[in-house]
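Below: the structure, in structure tokens.
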Amino acid sequence: MATEQRPFHLVVFGASGFTGQFVTEEVARELVTTEQSSRLPWAVAGRSKEKLQQVLEKAALKLGRPTLPSEVGVIICDISNPASLDEMAKKAVLVLNCVGPYRFYGEPVVKACIENGTSCIDICGEPQFLELMHAKYHEKAAEKGVYIIGSSGFDSIPADLGVLYTRNQMNGTLTAVESFLTIHSGPEGLCIHDGTWKSAVYGFGDKGSLRKLRSASSLKPVPIVGSKLKRRWPVTYCRELNSYSIPFLGSDMSVVKRTQRYLHENLEDSPVQYAAYVTVGGITSVIKLMFAGLFFLFFVKFSIGRHLLIKFPWLFSFGYFSKQGPTQKQMDDSSFTMTFFGQGYSHGFSVEKNKPNIRICTQVKGPEAGYVATPIAMVQAAMTLLNDASDLPKGGGVFTPGAAFSRTKLIDRLNQHGIEFSVISSSEV
């Protein structure tokens, strides 16, 4: 990536949005702790100069750095104005795109970045957008030598890098992993912002397009190594975690599978089977979530249903929605744990007709997922891309986090910033 003749190494696009303001604060925090001589010039970008200045002033107050607003560039651009996106991209080495839902607003940013030789990282959790961008732009990005890296927030860095961490810690060949996400909340409970809610509604409402996209790709199946990972029932009890669980319907499955395909086809790594679940507590919680889930999935099938879900979210989100997003107290009291149960084969032990003889359990722990862990993950991914370019895939392209960062020190960076990877147990059966 060429950094010469670009006034800014990093630009936060959508900095005045709900998530963008936290990403801006995290960038400022990261660079405040960096020595003056090695700080990277950066900027914020969006439609309103006044709002962007307010975000910088808020971050300056929180970080105790009153000079921050004068140290950060401000770029005015609009997603509906391609020329303004081009101008933003021309000024940056890397754009952090925080403007969603990505299915509506993401592609013009990707297009502008590739055409102007600029790398881009987003925090998208929408599989259809992520897979479509790979299909449409991977070769173009590779030609330009730029990196387009999606899902670099809570969706799906903990899951994607968690599988790679588990593989690297196993003394043998990892063949299958199940992950279980547990969200911890305080007395005020959990809350999601308007943008997150809209992304979920439109994403689940357009599953058909994702199926068509995958059918059109005609990809060969990734080989299964060792025993086939059996899918659990829609509601199952996990004895190890003493909790019921249901399938996790986020982007993790899509992202991890794409990473495993890339590593197998390009680096000849042994592919890992993967399944993702989320714990829901006791049987009472299971009943409540089943009712809410069926209700939601019924409504998103129809245009009028999606309209109602978007227009009256507080009637359908069962207390988890707020137009203003979570309060500071809710974020302070919230955290996540993602537990990985892996199985595989010790060195020299044949995978043919034998059951796995090694078990491993690892965890990724972090602060509130949506607006604390996500900015940390995104910013550390950005720092890795800017500082460890020699460890990235050669030539550029459209990548998952695992594909882009498998040979970098991103996990070490995350460990140092509060997203912790650890081994819980490992044993030979």
Side-chain angles (χ1 to χ4, degrees), residues 13-14 17 19 79 95 97-114 120-141 147-160 181 192-222 247-262 274-276 278 293 296-307 309-310 313 369-370 374 378 397-404:
F13 179 51
T19 306
I79 199 74
V95 169
N97 183 16
C98 303
V99 180
Y102 290 90
R103 65 175 51 245
F104 300 131
Y105 308 121
E107 186 169 357
V109 181
V110 171
K111 189 171 183 289
C113 284
I114 292 174
C120 180
I121 289 177
D122 69 45
I123 45 177
C124 177
E126 306 163 41
Q128 181 189 354
F129 173 81
L130 295 166
E131 296 183 28
L132 180 63
M133 292 303 97
H134 182 270
K136 291 183 69 172
Y137 293 105
H138 179 67
E139 291 183 2
K140 294 178 182 178
Y147 296 89
I148 308 298
I149 306 173
S151 54
S152 294
F154 175 73
D155 295 314
S156 292
I157 277 184
D160 204 15
L181 170 65
I192 60 173
H193 182 254
D194 179 58
T196 306
W197 175 256
K198 287 179 179 177
S199 295
V201 171
Y202 290 119
F204 284 107
D206 200 21
K207 287 281 190 180
S209 296
L210 180 59
R211 285 193 292 268
K212 290 178 182 177
L213 176 64
R214 289 173 174 172
S215 297
S217 67
S218 302
L219 294 173
K220 294 181 180 179
V222 175
F248 181 57
L249 301 179
S251 62
D252 290 354
M253 284 277 286
S254 166
V255 172
V256 170
K257 286 184 175 182
R258 286 173 56 215
T259 293
Q260 293 304 314
R261 174 180 293 278
Y262 172 84
Y274 178 68
V278 57
F296 179 84
L297 292 174
F298 174 77
F299 269 78
V300 297
K301 287 183 178 181
F302 309 102
S303 177
I304 183 65
R306 292 191 293 274
H307 175 74
L309 288 167
I310 295 299
T374 286
M378 187 183 208
V398 178
F399 298 101
T400 61

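All figures in this text were calculated on a predicted structure; none of them were measured in a lab. Sequential numbering from 1 along the given sequence is applied to the chain's residues.
Looking at I148 and M133, their side chains never come closer than 4.5 Å, going by heavy atoms from C-beta outward. Two residues are said to be in side-chain contact when any heavy atoms from C-beta on lie closer than 4.5 Å; F104 and I79 fail this criterion.
Contact detail for I157 and P401: the closest heavy-atom pair is CG1-CB, 3.8 Å. Among all heavy-atom pairs drawn from L210 and P127, the shortest one is CD2-CB, 4.0 Å. Between K198 and P101, the shortest heavy-atom distance links the atoms CB-CG, 4.1 Å. The nearest pair of heavy atoms linking Q128 to S209 is NE2-CB, 3.3 Å. The heavy-atom pair separating G14 from V99 by the smallest distance is CA-CG2, 3.6 Å. Closest approach of V300 and V201 over heavy atoms only: CG1-O, 4.0 Å.
Applying the side chain to side chain contact (heavy atoms under 4.5 Å, CB included) test to C124 and every residue at least two apart in sequence or in another chain returns Y102, D122, E126, F129, L130. For the side chain to side chain donor-acceptor pair (under 3.5 Å) test, residues two or more places apart in sequence or in another chain that qualify with S251 are S156. D160 pairs by the side chain to side chain donor-acceptor pair (under 3.5 Å) definition with T259, not counting sequence neighbours. By the salt bridge (charged side-chain N to carboxylate O under 4.0 Å, His left out) test, R306 is found to be paired with no residue, residues two or more places apart in sequence or in another chain being considered. For F154, the ring-ring contact (aromatic ring centres under 6.0 Å, His included) partners at least two apart in sequence or on another chain are F336. Annotation: ring-ring contact (aromatic ring centres under 6.0 Å, His included) contacts of H138 (sequence neighbours excluded): H134, F399. Residues passing the side chain to side chain donor-acceptor pair (under 3.5 Å) test with E107, sequence neighbours excluded: K136, Y137. Under the ring-ring contact (aromatic ring centres under 6.0 Å, His included) criterion, Y105 pairs with no residue, sequence neighbours left out. Residues meeting the side chain to side chain donor-acceptor pair (under 3.5 Å) test with Y274, sequence neighbours left out: S179. By the salt bridge (charged side-chain N to carboxylate O under 4.0 Å, His left out) test, K140 pairs with no residue at all, sequence neighbours left out.
A distance of 10.5 Å separates CD1 in I149 from CE in M378, rounded to the nearest 0.5 Å. Here the CG-OH distance, from L309 to Y202, works out to 9.5 Å after rounding to the nearest 0.5 Å.
Sorted by first then second residue, the salt bridge (Lys or Arg N to Asp or Glu O under 4.0 Å) pairs that include residues 208-218, not counting sequence neighbours, are E131-R214. Among residue pairs with one or both ends in residues 203-222, those qualifying as ring pair (Phe, Tyr, Trp, His ring centres under 6.0 Å) are F204-F296; sequence neighbours excluded.
A distance-only check finds no donor-acceptor pair linking the side chain of S254 to the backbone of D252 [under 3.5 Å]. Not one N or O on the side chain of R258 forms a donor-acceptor pair closer than 3.5 Å with the backbone of G402.
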